[in-house]
Amino acid sequence: MSNPKVPLAYYHQPDKRLRATQEKLFTALRQLYTAQTPYADVTITRLCRQAGIPRQTFYRHYQNVGQVIEYDMAVMVNDFLQQIDHTVGGTAQSAEIAVKLMLANRTTLEMMFWGDVTEQVIQYIKRDMHRVHGYIKTNHRDDTLRLEMDARILIAFAKTVTLHPEFTRADFVSLFKQTIPSPPADI
């Protein structure tokens, strides 16, 4: 009997209104970022005004401005997992898929550093890696620590991508393969 492949990504789509709100907020936040607004000057009131949404709507979904960036980062992580799910030999292609997504979302990554939400994103990635890793039947006591280290290395790699636009995609794929452990092939 063959082992069925377990989907790694979440396929539940959030409510259309939440997606529309997130899109308006993130677009407004991106505009503030590209205008070189200091993050400390981005208040909820200012962001809501720029996005054209009431503050009450903001507070229905978020507690602070950084969560708008965190949400988009979570979507990017899930996009990565969906692409792994839909690619033949997906885990073997993880470096190419990850680098492609990072390059396509370079501004979002820059915004993560600008908004100082890297620790929250690291913890999200660690939880997601732990969830995915849970499909593999291992119980090593150092798994949680290793997954956190992997998440931190991934974010450090993302920082390198944002700081070095002169490197090619092939350069980054090569570096990724040398730096970041490949996911197990049996998931």
Side-chain angles (χ1 to χ4, degrees), residues 3-14 18-19 22 25-26 29-30 33 39 61-87 89-164 172-187:
N3 291 336
K5 181 174 173 159
V6 177
L8 303 178
Y10 293 110
Y11 288 93
H12 169 74
Q13 289 295 318
L18 173 58
R19 286 194 316 239
Q22 171 65 20
L25 286 168
F26 192 78
L29 198 54
R30 182 186 293 255
Y33 170 74
Y39 184 74
H61 305 291
Y62 308 95
Q63 295 173 353
N64 59 59
V65 173
Q67 288 180 334
V68 176
I69 300 170
E70 290 174 49
Y71 181 91
D72 246 57
M73 291 300 301
V75 168
M76 187 167 60
V77 169
N78 198 58
D79 285 350
F80 169 75
L81 294 174
Q82 284 181 0
Q83 288 185 39
I84 294 289
D85 283 348
H86 293 101
T87 303
T91 55
Q93 301 298 317
S94 62
E96 289 83 358
I97 294 169
V99 168
K100 177 182 162 191
L101 272 171
M102 286 182 192
L103 291 172
N105 293 282
R106 187 177 264 154
T107 302
T108 302
L109 294 171
E110 291 170 353
M111 289 172 66
M112 174 184 62
F113 299 112
W114 169 70
D116 196 25
V117 295
T118 53
E119 189 58 36
Q120 294 88 330
V121 173
I122 287 168
Q123 294 309 314
Y124 175 82
I125 292 171
K126 181 180 103 174
R127 284 189 304 273
D128 220 36
M129 291 169 91
H130 194 270
R131 178 185 61 82
V132 169
H133 189 70
Y135 294 129
I136 306 164
K137 305 299 182 225
T138 64
N139 288 314
H140 301 289
R141 71 180 186 91
D142 63 341
D143 282 350
T144 301
L145 179 60
R146 190 173 43 78
L147 292 174
E148 180 167 348
M149 289 171 55
D150 290 349
R152 289 184 183 286
I153 292 167
L154 189 60
I155 294 301
F157 185 86
K159 181 72 169 181
T160 302
V161 168
T162 66
L163 293 175
H164 294 283
F172 284 126
V173 168
S174 176
L175 183 60
F176 190 99
K177 287 178 179 179
Q178 295 170 43
T179 309
I180 300 176
S182 295
D186 58 351
I187 54 175

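When a residue number appears, it is its place in the shown sequence, counting from 1. These values consider heavy atoms only, across backbone and side chains, with no hydrogens, waters or symmetry-generated copies. Quick caveat: nothing in here was measured; it's all calculated off a predicted structure.
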For Glu96, what residues pass the side-chain hydrogen bond (donor to acceptor under 3.5 Å, both in side chains) criterion, not counting sequence neighbours?
Lys177
Evaluate the criterion side-chain contact (heavy atoms from CB on, under 4.5 Å) for residue pair Ile180 and Asp150; output intermediate values, then yes/no.
CA-CA 7 Å; Ile180 300 176; Asp150 290 349; 5.8 Å; no
Residue pairs involving residues 111-124 (criterion salt bridge (charged side-chain N to carboxylate O under 4.0 Å, His left out); sequence neighbours excluded)
Glu119-Arg152
Using atom types as modelled and distance alone, determine if a side-chain donor or acceptor of Gln22 lies under 3.5 Å from a backbone N or O of Tyr71.
no
Distance-minimising heavy-atom pair for Ile125 and Ala151:
CG2-CB, 3.7 Å
Distance, nearest 0.5 Å, that separates CD1 of Ile69 from CZ of Phe26:
7.0 Å
If you apply the rule side-chain contact (heavy atoms from CB on, under 4.5 Å), what do you find for Tyr39 with Val65, and how did you get there?
CA-CA 9 Å; Tyr39 184 74; Val65 173; 3.8 Å; yes
Non-neighbouring partners of His164 that pass side-chain hydrogen bond (donor to acceptor under 3.5 Å, both in side chains), sequence neighbours left out
Glu166
NZ of Lys126 to CG of Leu154, rounded to nearest 0.5 Å, is 14.5 Å
Set of side chain to side chain contact (heavy atoms under 4.5 Å, CB included) partners for Ala74, sequence neighbours left out:
Tyr124
What pairs of residues pass the side-chain hydrogen bond (donor to acceptor under 3.5 Å, both in side chains) test when at least one of them lies in residues 154-163, not counting sequence neighbours?
none
Residues 101-111, side-chain donor-acceptor partners within the protein, below 3.5 Å, at least two apart:
from   : atom 1 : to     : atom 2 : distance (Å)
Asn105 : ND2    : Leu101 : O      : 2.8
Arg106 : NE     : Val161 : O      : 3.2
Arg106 : NH2    : Val161 : O      : 3.1
Thr108 : OG1    : Arg30  : NH2    : 3.4
Glu110 : OE1    : Tyr33  : OH     : 2.9

What residues form a side chain to side chain contact (heavy atoms under 4.5 Å, CB included) with Gln63, not counting sequence neighbours?
Gln67
Would you name the heavy atoms of Phe113 and Ile155 that are closest together and state the gap between them?
CZ-O, 3.7 Å
Mind checking salt bridge (Lys or Arg N to Asp or Glu O under 4.0 Å) for Glu70 and listing every partner two or more places apart, or none if nothing turns up?
none
Gap separating the CD atom of Gln120 from the CE atom of Met112, nearest 0.5 angstrom
10.5 Å
ring-ring contact (aromatic ring centres under 6.0 Å, His included) with Phe172: which residues, sequence neighbours excluded?
Phe167
Given side chains that start at C-beta, do those of Glu148 and Met129 come closer than 4.5 Å, heavy atoms only?
no
How many angstroms lie between CD1 in Ile122 and CD1 in Ile153, if you round to the nearest 0.5 Å?
10.5 Å
